[in-house]
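Worksheet for the structure shown next.
Keep in mind the model is a prediction, meaning the values are calculated, not measured.
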Amino acid sequence: MIRRLRERLAAAVEAWLLGLSVRRNRLIGLSLLRILLGTAALEFYLSEYRRREVLWGPEGYFDITAFRGNVPLWWTSVYGWTDSSLLFESVYHTGIVAAVAFTVCGGRTLTALHGFLIWSVNLRNGYVLDHGHLLSRILLLFLLLTTCDAYLSPWASRRRARLSDRVKRARWGDAVHNCAVFLIVFQVCVVYCLSGLWKLLGDQWREGTAVYYVVHAFETPPLTLTSPLASTTWITVPLTYATVVLEVAFPVLLATRHPFVRGLTALSAAAMHVGIVPLVGLLNFSLTMIAADCLLVRDADYRAGRSALRRLSHGAGRMSPHAGARRHPGLLRR
């Protein structure tokens with residue numbers, strides 16, 4: 001009996017390892033992750049474009065001498081290599097170009113270049129960050145080990161053709177890709193779960209009033225309409241408790257076998273961060289989290305969702321009076 005269990009377990013592990021190393025998973029989610037992560041970087045660069053010299057320049061708020069003296073790893077930022085204003089402008093605009101190229105094209109070379117430059121500007125002045133940069137750095141590091149340009153890039157079809165032409169046998173590249181994807185998903189689950197558990201330590205989250213206090217912490221909310229809405233009990237209390245439940249149960253909901261539950265979980269998390277923008281105004285943080293949420297949905301779920309939308313659109317087209325008129329032109333003449 002024990003011998004049979006061992007054999008079945010060994011066979012299951014062998015099949016799992018083989019599946020892990022013969023096909024690259026979540027290519028659609030990685031492409032969406034790349035685009036939204038690059039968009040978040042562009043928002044970071046362009047939102048403070050007019051104040052770039054003050055925030056990151058050699059003679060700005062955090063001058064180059066203080067930067068080198070107070071930041072242990074200052075040499076890992078290209079902005080700390082020289083006090084030349086010309087070099088600063090060149091590096092800053094190169095970072096914008098690299099972010100655009102990474103967003104549009106992807107690929108490991110552009111990912112490495114963009115990751116180094118965004119790390120450099122983040123390290124140069126950490127006082128203007130909203131904590132989305134921490135997850136962004138981790139995601140970019142793991143993206144170096146993945147194929148993030150198989151969709152929504154100029155050479156996506158060629159990349160997919162190259163992957164499909166391979167013989168179905170174990171490859172180190174596929175195994176590394178899938179392991180990096182797993183680590184990204186694991187990291188996102190840890191972020192959500194720990195965030196929910198941390199909220200449970202706060203009295204306002206347990207009482208259901210946290211959303212109210214978060215919105216009213218600003219003298220002028222990002223969106224004027226949010227202030228009266230946040231004062232409504234039947235809105236703030238369910239939102240507060242739903243946020244905690246979603247974050248604490250996030251790993252369990254994502255590990256289910258039901259595609260609908262997984263998709264609804266990722267969609268709910270993305271909707272939560274869309275709502276953060278008018279409530280708190282953390283656009284860059286929200287874009288980074290939504291980018292991570294895109295990887296939580298499997299490729300098969302994306303394809304199933306697209307097929308369902310096509311069926312709905314075809315059904316709506318058949319129910320349209322114009323569609324009936326096209327099938328029966330005489331109806332228009334009557």
Side-chain angles (χ1 to χ4, degrees), residues 16-17 20 24-38 40-41 44 111 115 118-119 122-123 126 129-146 148 175-202 204-206 210-211 214 239-259 261-277 280 282-299 301-302:
W16 180 76
L17 291 175
L20 188 69
R24 304 196 179 192
N25 300 320
R26 310 207 183 197
L27 296 174
I28 299 176
L30 282 169
S31 299
L32 294 173
L33 168 63
R34 182 199 81 229
I35 292 174
L36 289 177
L37 205 60
F44 176 79
T111 301
I118 200 69
W119 161 270
N122 287 343
L123 187 65
L129 304 177
D130 61 2
H131 300 291
H133 69 287
L134 296 174
L135 181 60
S136 177
R137 293 175 186 174
I138 297 174
L139 296 178
L140 286 171
L141 181 63
F142 286 130
L143 277 181
L144 286 171
L145 306 176
T146 66
C148 62
V176 170
H177 168 96
N178 292 326
C179 286
V181 169
F182 171 79
L183 291 175
I184 293 176
V185 174
F186 175 77
Q187 178 66 45
V188 175
C189 290
V190 168
V191 169
Y192 276 111
C193 188
L194 290 182
S195 177
L197 293 175
W198 185 260
K199 287 180 173 63
L200 289 176
L201 299 178
Q204 295 174 353
W205 287 98
R206 294 198 303 269
V211 173
V214 167
L239 280 178
T240 302
Y241 287 136
T243 299
V244 176
V245 171
L246 174 65
E247 291 184 343
V248 172
F250 196 85
V252 178
L253 294 174
L254 200 66
T256 181
R257 295 182 178 181
H258 302 285
V261 176
R262 294 195 304 266
L264 183 61
T265 302
L267 185 62
S268 300
M272 178 179 66
H273 289 101
V274 170
I276 286 177
V277 177
V280 187
L282 298 176
L283 178 59
N284 193 272
F285 170 78
S286 297
L287 283 174
T288 303
M289 293 304 302
I290 294 172
D293 294 335
C294 290
L295 190 60
L296 305 178
V297 182
R298 302 175 185 179
D299 288 350
D301 299 340
Y302 277 115

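- In this structure, the side chain of Arg262 engages the main chain of Thr256 through a donor-acceptor pair within 3.5 Å.
- For the pair Trp198/Leu201, a side-chain contact is recorded, criterion being any heavy-atom separation below 4.5 Å from C-beta on.
- Side chains of Tyr192 and Leu254 form no contact here, defined as non-hydrogen atoms less than 4.5 Å apart.
- Shown here are the ring pair (Phe, Tyr, Trp, His ring centres under 6.0 Å) partners of Phe285, two or more places apart in sequence or in another chain: His273.
- When side chains are defined from C-beta on, Asp293 counts as touching Leu296, because their heavy atoms get closer than 4.5 Å.
- Side-chain contact between Leu200 and Trp205 is absent, with no heavy atoms from C-beta onward closer than 4.5 Å.
- Applying the side chain to side chain contact (heavy atoms under 4.5 Å, CB included) criterion to Leu239, with sequence neighbours excluded, gives Val211, Ile235.
- Once rounded to the nearest 0.5 Å, the distance linking CG of Asn284 with CG of Asp130 reads 5.0 Å.
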For residues 245-253, run the donor-acceptor check on the side chains, cut-off 3.5 Å, and write out each pair with its distance to 0.1 Å, sequence neighbours left out.
residue : atom : partner : partner atom : Å
Glu247  : OE1  : Ser195  : OG           : 3.2
Glu247  : OE1  : Gly196  : N            : 3.2
Glu247  : OE1  : Lys199  : NZ           : 3.0

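- With sequence neighbours excluded, the residues forming a side chain to side chain contact (heavy atoms under 4.5 Å, CB included) with Ser136 are Leu37, Leu140, Thr288, listed by chain and number.
- Nearest heavy-atom pair, Arg137 versus Leu129, reported as atom, atom and distance to 0.1 Å: NH2-CD1, 4.4 Å.
- Rounded to the nearest 0.5 angstrom, Thr111 OG1 and Leu144 CG are separated by 6.0 Å.
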- Take Ile184 and Val181, measure what side chain to side chain contact (heavy atoms under 4.5 Å, CB included) needs, and give me the verdict at the end. CA-CA 5 Å; Ile184 293 176; Val181 169; 5.6 Å; no
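- Of the inter-residue distances, the one linking Leu32 atom CG with Cys148 atom SG reads 11.5 Å to the nearest 0.5 angstrom.
- Residue pairs meeting the salt bridge (charged side-chain N to carboxylate O under 4.0 Å, His left out) criterion with at least one member in residues 24-34, sequence neighbours excluded: Arg24-Asp174.
- To the nearest 0.5 Å, atom CD1 of residue Ile290 and atom CG of residue Leu267 are 10.5 Å apart.
- The closest donor-acceptor contact from the side chain of Asn178 to the backbone of Asn25 lies under 3.5 Å.
- The structure places CE of Met289 at 8.0 Å from CD1 of Ile276, a figure rounded to the nearest 0.5 Å.
- Atom CG of residue Leu295 and atom CG of residue Leu139 lie 8.5 Å apart, to the nearest 0.5 angstrom.
- Among residues two or more places apart in sequence or in another chain, the ring pair (Phe, Tyr, Trp, His ring centres under 6.0 Å) test is passed with His133 by none.
- Considering only heavy atoms from C-beta on, Thr265 comes within 4.5 Å of Val261 through its side chain.
- Heavy atoms only, all atoms of each residue included: Ala41 and Ile118 are closest at CB-CD1, 4.1 Å.
- In this structure a side-chain-to-backbone donor-acceptor pair under 3.5 Å is present from Asp299 to Leu27.
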